[in-house]
Amino acid sequence: MEALIRVADTLKSFRETRLSGLRPPTEFFDYHRISRPADLNQATSRISYNTRYFSGNYGLIVAILAVYAILTNYLLLISIAFLVLGFAAINRFAPDATQFGEHTVTQKHLYTTLFVIGIPLLWLSSPIATIFWLIGASGVLIIGHASLIEPGIESDYASIQESV
């Protein structure tokens, strides 16, 4: 019961801190504000402003792409689950050494076995390629959106407030 309350409190604090910065979808996908920047300076200023203004939305995009990348790479999903669940099982069910005939199996032996199997399995699932895909896909989406969306009227006042 207490664990359920802690989870609820954690979700509430996450919603208040992280999700409060999300802009509404009607503002994020406002196709009336889409235009090609005139030059590189305008594109740079749009990217600078929009990455701050839509930072919550961009963070959500990166999170969704990360979940998509893990769910579509089955071997990566299996290897992460194997390592996480193995670590949890060792901590929960084998805190003390266990005697099997003449052999004593300790937590250190179990962790070594887990990593000897899990790390090569993780390496075969190409996590580095997945990370680079995530960086590239989110970079293209975020920079593309940030450079094409014209900042609202409030962006003109933001520079005045910073100089005061």
Side-chain angles (χ1 to χ4, degrees), residues 2-89 91 111 114-115 117-164:
E2 187 176 316
L4 188 60
I5 293 172
R6 281 188 294 168
V7 169
D9 289 341
T10 303
L11 288 175
K12 183 178 177 183
S13 68
F14 176 77
R15 184 179 59 215
E16 290 172 355
T17 56
R18 298 290 181 201
L19 298 181
S20 65
L22 286 176
R23 303 292 175 191
T26 55
E27 187 177 357
F28 187 72
F29 297 113
D30 187 7
Y31 61 89
H32 297 294
R33 292 176 33 197
I34 294 176
S35 70
R36 198 179 92 192
D39 57 2
L40 188 59
N41 289 333
Q42 187 181 24
T44 304
S45 67
R46 284 184 183 186
I47 291 170
S48 175
Y49 176 77
N50 284 334
T51 51
R52 281 183 271 118
Y53 188 72
F54 291 116
S55 64
N57 297 71
Y58 294 147
L60 185 63
I61 287 173
V62 172
I64 290 170
L65 286 174
V67 168
Y68 172 78
I70 290 174
L71 290 179
T72 56
N73 188 346
Y74 296 121
L75 190 56
L76 181 61
L77 182 65
I78 290 169
S79 59
I80 289 173
F82 177 77
L83 287 169
V84 169
L85 294 176
F87 186 77
N91 280 337
Y111 284 131
L114 178 69
F115 290 130
I117 296 169
I119 297 300
L121 183 65
L122 185 67
W123 183 256
L124 288 173
S125 65
S126 65
I128 296 171
T130 304
I131 289 170
F132 280 122
W133 177 87
L134 180 62
I135 291 169
S138 35
V140 166
L141 285 174
I142 291 169
I143 290 174
H145 180 271
S147 64
L148 291 177
I149 296 290
E150 292 179 4
I153 304 280
E154 66 274 358
S155 69
D156 296 334
Y157 298 112
S159 62
I160 295 171
Q161 290 175 353
E162 289 174 0
S163 64
V164 173

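It should be emphasised that the depicted structure is a prediction, and the values quoted were computed from it without experimental measurement.
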Here the gap from Phe29 atom CZ to Ile34 atom CD1, rounded to the nearest 0.5 Å, amounts to 10.0 Å
Could you tabulate the donor-acceptor pairs under 3.5 Å formed by side-chain atoms of residues 68-86, not counting sequence neighbours?
unit_1 : atom_1 : unit_2 : atom_2 : d
Thr72  : OG1    : Tyr68  : O      : 2.8
Thr72  : OG1    : Ala69  : O      : 3.3
Asn73  : OD1    : Leu76  : N      : 3.4
Asn73  : ND2    : Ser125 : O      : 3.0
Asn73  : ND2    : Thr130 : OG1    : 3.4
Ser79  : OG     : Leu75  : O      : 3.0
Ser79  : OG     : Leu76  : O      : 3.0

The reported gap from CG in Leu60 to CG in Leu65 (rounded to nearest 0.5 angstrom) is 9.5 Å
message = For a side chain to side chain contact (heavy atoms under 4.5 Å, CB included) check, start with the C-alpha distance between Phe28 and Ile149, then their side-chain angles and the critical distance, and finish with the verdict.
response = CA-CA 9 Å; Phe28 187 72; Ile149 296 290; over 6 Å; no
Arg23 and Phe54 have their tightest heavy-atom pair at CG-CD2, 3.6 Å
Taking the side chain as C-beta and beyond, is there a heavy-atom pair between Asn91 and Tyr111 under 4.5 Å? yes
In short, Arg46 meets Leu148 closest at the heavy-atom pair NH1-O, 3.5 Å
*asked:* Please determine whether side chain to side chain contact (heavy atoms under 4.5 Å, CB included) holds for the pair Ile47 and Ile142, giving the CA-CA distance in whole Å, both sets of side-chain angles, and the decisive distance to 0.1 Å.
replied: CA-CA 9 Å; Ile47 291 170; Ile142 291 169; over 6 Å; no
Nearest heavy-atom approach of Ser48 to Arg52 is OG-NH2, 3.2 Å
Side chain to side chain donor-acceptor pair (under 3.5 Å) pairs touching residues 136-151, sequence neighbours excluded, are Ser35-Glu150, Tyr58-His145
